[in-house]
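After the structure tokens below, expect a handful of questions from me.
Heads up: numbering here begins at 1 and tracks the sequence.
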Amino acid sequence: MRSAVRVQLSFMMFLEFFIWGAWFVTLGTFVLKNLQGATDTQVGYAFLTQSIGAVIAPFIVGIIADRFISAQIILGVIHLAGAALLWICSGMTSYDSFYPVLLVYMILYMPTLALVNSISFRQMSDPSKEFSFIRVFGTVGWIIAGLLIGWLQWEKTNSLDLTFKMAAGASLLLGLFSFTLPKTPPAKKGTQISVKEILGLDAIRMLKNRSYLLFFLASIAICIPLAFYYNFTNPFLNEIGMNAAAGKQSMGQMSEFLFMLVMPLFFARLGVKKMLALGMLAWVVRYTLFSFGDIDANYWMLIVGIILHGICYDFFFVTGQIYTDKIAGEEFKSSAQGFVTLATYGVGMLIGFIISGPIVDAYKTGANSHNWHTIWLIPAGIAAVVLVLFMLFFRDSNKNTVVKH
């Protein structure tokens with residue numbers, strides 16, 4: 001791959017995740033502080049738009065991008081439309097008006113995650129060696145977005161409307177820049193549309209493998225407590241008085257980046273089961289630390305809980321993707337990844353987003369205060385139950401790991 005193309009793809013990936021990180025981390029705080037009368041339950045529904053977008057995304061990519069229009073053109077159009085929607089969101093003061101605009105935006109944005117990957121892969125001769133260097137700039141973009149919000153003190157000054165404006169500006173830039181990206185014409189032009197293929201349901205037969213079925217169910221279950229982290233970590237940290245909370249949260253992505261580098265070493269020594277179990281255990285520890293942490297003597301607990309995000313994400317999700325690839329075999333590699341993504345970001349997190357809001361609402365102790373100690377013990381307990389069941393019943397046999405088709 002030429003250096004010029006590598007720079008283009010890296011900048012594309014940087015902007016793609018800068019846009020998301022610029023408003024998503026502080027969304028819960030924005031809803032509660034900027035939208036009149038908004039509740040914790042409504043925070044959960046706001047984040048639920050991600051799951052709805054994740055369910056619809058395969059249809060947009062699988063039908064339009066794969067068969068009719070070049071990926072870079074769709075990417076550009078979506079981000080130009082997204083810039084307008086994000087700017088509109090910045091000025092909203094009513095939840096009832098804000099929610100449908102955000103929903104439309106996420107239905108448009110979630111497919112772009114697959115589009116930037118597709119554009120990148122099509123320019124590479126060896127994606128297994130080249131893609132990680134490009135993708136890491138996405139993590140850098142998310143980190144910088146969080147650091148900027150913290151540095152500019154938008155949370156402290158209640159200026160989170162500016163996060164949407166910042167994201168809108170970056171979306172406008174990426175929308176225009178997309179039209180300069182390498183041409184990525186439809187890969188399946190003229191082929192028959194299959195809903196099973198688009199959703200990855202061709203890979204459903206993998207569930208005949210008992211070990212993979214247990215992993216699959218654990219993936220859905222563990223995403224329920226994950227929703228608590230995305231929904232309420234930023235409102236929690238701001239409520240208890242942490243300065244530049246969004247900036248501090250970016251340490252989670254820094255940790256994710258570092259643990260990604262050492263994953264091959266851990267994987268070779270520990271194997272699939274122990275890697276997955278460590279990822280789940282980190283979730284239990286993280287929420288427990290949040291439960292007992294505070295802004296004074298136990299401040300370190302909050303920071304360690306944030307940093308554990310790298311283990312939580314890499315050891316479970318990335319290991320799970322590798323495990324899925326191994327079980328699927330050659331025939332269903334792509335379908336299998338789509339299938340597990342639909343289950344986690346679609347089904348699992350959808351359940352989490354629905355239940356987390358009412359739970360936080362139930363432990364409200366005042367107009368702007370909550371019993372966070374009890375709240376965080378709930379996702380910790382859910383993750384602990386999933387971990388125990390997983391350790392008791394999961395068996396990773398190196399023999400006959402590939403599903404017989």
Side-chain angles (χ1 to χ4, degrees), residues 16-54 82-83 85-110 112-113 141-143 145-150 152 154-171 223 226-239 242 244-250 252-253 306 309 345 349-350 352-361 368 370 375:
E16 174 73 14
F17 285 89
F18 179 91
I19 292 164
W20 197 4
W23 64 270
F24 190 76
V25 174
T26 54
L27 174 62
T29 304
F30 174 85
V31 170
L32 293 172
K33 290 188 175 182
N34 289 60
L35 304 182
Q36 297 173 2
T39 65
D40 297 308
T41 298
Q42 289 174 320
V43 170
Y45 289 147
F47 279 94
L48 182 63
T49 59
Q50 174 191 277
S51 294
I52 296 172
L85 292 170
L86 287 167
W87 191 271
I88 292 170
C89 283
S90 71
M92 293 285 189
T93 57
S94 163
Y95 184 87
D96 290 341
S97 301
F98 174 78
Y99 186 83
V101 178
L102 181 67
L103 177 61
V104 173
Y105 175 76
M106 287 306 280
I107 289 173
L108 289 175
Y109 177 82
M110 292 305 288
T112 67
L113 298 174
W142 186 291
I143 291 170
L147 291 175
L148 273 174
I149 294 169
L152 294 168
W154 286 344
E155 295 157 289
K156 188 175 182 179
T157 59
N158 196 25
S159 303
L160 290 178
D161 57 303
L162 296 176
T163 63
F164 284 96
K165 291 179 178 178
M166 180 171 70
S171 187
C223 280
L226 175 61
F228 282 79
Y229 181 80
Y230 285 137
N231 283 9
F232 293 106
T233 300
N234 190 257
F236 160 64
L237 296 176
N238 277 289
E239 184 177 305
M242 178 180 281
K248 302 291 195 310
Q249 284 182 259
S250 68
Q253 278 63 48
I306 292 170
H309 181 73
Y345 285 94
M349 290 189 70
L350 183 145
F353 289 141
I354 289 174
I355 72 169
S356 58
I359 288 172
V360 174
D361 255 334
N368 296 298
H370 299 77
I375 290 169

Worksheet entry | Close side-chain approach of E16 and Y109, heavy atoms under 4.5 Å | yes
Fill in: Close side-chain approach of M349 and Y230, heavy atoms under 4.5 Å
yes
Practice prompt. Step through the shown structure and confirm whether more than 12 heavy atoms of other residues, nucleotides or ligands are within 6.0 Å of CG on N368.
Written response: no
Discussion item. Are F353 and Q50 packed together at the side-chain level, in the sense that at least one heavy-atom pair is separated by less than 4.5 angstrom?
Written reply: yes
Worksheet entry | Between Y229 and Q249, a side-chain donor and acceptor under 3.5 Å | no
Item to complete: Using ring pair (Phe, Tyr, Trp, His ring centres under 6.0 Å) as the criterion, list what pairs up with F236, not counting sequence neighbours.
Response: F290, W372, W376
Show me the donor-acceptor pairs within less than 3.5 Å that the side chains of residues 17-37 make with the rest of the protein, sequence neighbours left out.
from, atom 1, to, atom 2, distance (Å)
W23, NE1, I19, O, 3.4
T29, OG1, N234, OD1, 2.5

Item to complete: Work out which heavy atom in L237 is nearest to a heavy atom in A245; give both atom names and the distance.
Response: CB-CB, 3.8 Å
Fill in: No-hydrogen, no-angle side-chain donor-acceptor test under 3.5 Å, H370 and D361
no
Discussion item. Is it the case that the side chain of E155 and the backbone of L160 share a donor-acceptor pair, with hydrogens and angles ignored and the cut-off at 3.5 Å?
Written reply: no
Worksheet item: Side-chain contact, heavy-atom cut-off 4.5 Å: W154 with T163?
Response: yes
Side chains of residues 42-49: which donor-acceptor partners sit under 3.5 Å, not counting sequence neighbours?
from, atom 1, to, atom 2, distance (Å)
Q42, OE1, T39, N, 2.9
T49, OG1, A46, O, 2.6

Discussion item. Is any side-chain heavy atom of F98 closer than 4.5 Å to one of C89?
Written reply: yes
